[in-house]
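What follows is one structure encoded as structure tokens, with my remarks underneath.
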2 protein chains.
Amino acid sequence: MTKTTRRRGEALEQAILEAVTAELAEHGYAGLTFEGVAVRAETSKPVLYRRWPTKAEMVAAATVRANSTTIVSPDTGSLAGDLLALLDQVRTVVDASDRSVLLTLMAELPPSAAESLRELLVARGTQLVQPIVDHARQRGELGDAPLPSRLLALPIDLVRHEILVTGTPSDAALRSIVDVILMPLLRAAAGHGQRPG
Amino acid sequence: MTKTTRRRGEALEQAILEAVTAELAEHGYAGLTFEGVAVRAETSKPVLYRRWPTKAEMVAAATVRANSTTIVSPDTGSLAGDLLALLDQVRTVVDASDRSVLLTLMAELPPSAAESLRELLVARGTQLVQPIVDHARQRGELGDAPLPSRLLALPIDLVRHEILVTGTPSDAALRSIVDVILMPLLRAAAGHGQRPG
DNA sequence: CCCCATAAGAAACGGATCGTATCTTAATTT
DNA sequence: AAATTAAGATACGATCCGTTTCTTATGGGG
């Protein structure tokens with residue numbers, strides 16, 4: 001007897017994207033084929049092509065869905081602690097996904113489709129750092145001088161760089177980013193708080 | 001009459017790599033095929049496969065050869081000027097090559113083969129910054145506190161990040177990297193010189 | 001100067017995957 | 001219940017892969 005059930009809409013799409021994720025884990029990006037995905041998802045190639053014109057866009061959709069954990073601003077009680085926690089979160093989120101997949105997608109995706117992926121990688125970069133800085137100011141750890149956007153983007157830029165170029169960063173790498181780069185720079189740019197330790 | 005000339009060794013290899021570069025410019029990485037390269041270089045596929053086991057490695061060889069300009073430590077008379085000149089040089093060198101090609105190669109190359117490519121992108125990162133810092137110290141622009149390696153790598157890391165994620169960086173981007181990040185950080189870390197302005 | 005090892009270049013292959021077109025039929029809409 | 005929509009199966013020509021086979025130009029060694 002043949003399968004007499006036909007999935008549609010969201011249910012079907014979810015099954016497909018799960019199949020993509022599985023194929024990705026099993027064969028890697030290069031080894032992933034439309035046909036392989038179709039077989040695993042128990043559907044057919046035309047169904048895939050109706051949704052995504054290219055492999056890159058299909059994989060991007062799966063990657064975004066699989067890693068759509070929301071990153072939340074940490075609150076550890078110190079600026080350095082918050083920054084480290086933030087970098088650690090980004091590392092964890094991206095870790096589930098795979099470096100070479102991300103690189104390939106960044107290379108192949110049309111800019112429009114790359115947007116959602118970049119959002120995953122960046123998790124709205126600047127927007128995550130601002131509240132951390134605000135907390136530090138409230139605690140008196142930092143002064144009130146305004147911070148240029150490039151500086152607010154720097155924490156995420158640095159982890160992203162580390163992830164893309166060297167793979168999953170070590171704890172030591174994250175710590176040195178915070179201690180050697182971010183803390184000195186933020187203090188220099190924002191000024192010191194009213195009650196220095 | 002058939003071609004009766006057969007190139008060998010270096011001459012042949014150069015012709016092939018030039019063909020790779022041309023095909024790359026014309027069809028992009030994805031559209032480049034062994035067969036296309038063979039035809040353009042007026043040779044045959046086995047000749048290519050005898051040299052490079054994968055497309056990625058062949059393209060890497062061509063990319064490295066095409067962009068083997070040596071980056072030299074600039075000397076503009078000021079620390080900020082030198083840093084800006086360095087970043088500009090890196091931008092120019094990498095510009096000739098193509099962002100999506102670099103990303104794809106980073107994704108596909110085995111770590112061993114990636115070495116030479118990374119060298120191109122990095123141009124021995126830290127090693128280029130050290131002399132610039134030394135000059136600044138001699139001029140009294142910077143103090144003598146030792147700089148951690150992460151800090152020495154930072155200038156190149158930041159351009160590389162900019163290139164990989166956003167494409168060719170603008171002048172304004174390079175300037176803001178120098179003014180907002182590098183200069184304040186270097187001053188804070190090395191201490192100020194003996195004759196502050 | 002000739003011989004010979006080496007590698008260039010031509011041609012053809014089986015196979016995999018591509019992207020599309022065709023057709024039947026289940027699921028949904030009206 | 002009828003009509004519309006889309007799933008799923010199948011098959012296609014085309015392209016590129018990576019390899020094999022074979023001929024013959026090339027350049028070095030004797």
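All chains are named by letter (A, B, ...) in the order of the sequence lines, taking the proteins before the strands, and each is independently numbered beginning at 1.
- Rounded to whole angstrom, the span from the CG atom of A:Leu48 across to the C1' atom of C:dC18 amounts to 13 Å.
- Just one of A:Val47, A:Thr43, A:Thr21, A:Leu48 meets the side-chain contact (heavy atoms from CB on, under 4.5 Å) condition when paired with A:Val37; it is A:Leu48.
- In this structure, OH of A:Tyr49 is placed 14 Å from C1' of D:dC12, rounded to the nearest angstrom.
- Using a cut-off of 4.0 Å between Lys/Arg side-chain N and Asp/Glu carboxylate O, B:Asp88 and B:Arg175 are scored as not salt-bridged.
- Summarising the geometry, the separation between CE on B:Met58 and C1' on D:dG18 is reported as 13 Å, rounded to the nearest angstrom.
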List every contact pair, protein side and nucleotides 4-8 of chain C side both N or O, where the distance is under 3.5 Å.
from	atom 1	to	atom 2	distance (Å)
C:dT6	O2	B:Arg8	NH2	3.0
C:dA8	OP1	B:Arg51	NH1	3.4
C:dA8	OP1	B:Arg51	NH2	2.9
C:dA8	N7	B:Arg50	NH1	3.3
C:dA8	N3	B:Arg6	NH1	3.0

Check the pair B:Glu162 / B:Arg99 against salt bridge (Lys or Arg N to Asp or Glu O under 4.0 Å), numbers first and verdict last. CA-CA 10 Å; B:Glu162 207 74 10; B:Arg99 172 178 164 270; over 6 Å; no
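- A donor-acceptor contact closer than 3.5 angstrom links the side chains of B:Gln130 and B:Asp134.
- Checking A:Pro46 against B:Pro53, the closest nucleotide of DNA chain D that is more toward the 5' end is the one next to A:Pro46.
- In this structure, A:Glu42 atom CD and D:dA9 atom P are separated by 8 Å, rounded to whole Å.
- Whole-Å rounding puts the A:Glu35 CD to D:dA9 P distance at 12 Å.
- Taking a cutoff of 4.0 Å between a charged side-chain nitrogen and a carboxylate oxygen, B:Arg51 and B:Glu10 do not qualify as a salt bridge.
- Between the side chain of B:Lys45 and the base of C:dG9, no donor-acceptor pair under 3.5 Å is found.
- Remark: side-chain polar atoms of B:Thr76 are paired, donor with acceptor, to backbone N or O of B:Asp82 under 3.5 angstrom.
- Spacing between atom CD1 of A:Ile16 and atom C1' of D:dA6 amounts to 12 Å, rounded to whole angstrom units.
- Protein atom NE2 of A:His27 is 14 Å distant from nucleotide atom P of C:dA16, rounded to whole Å.
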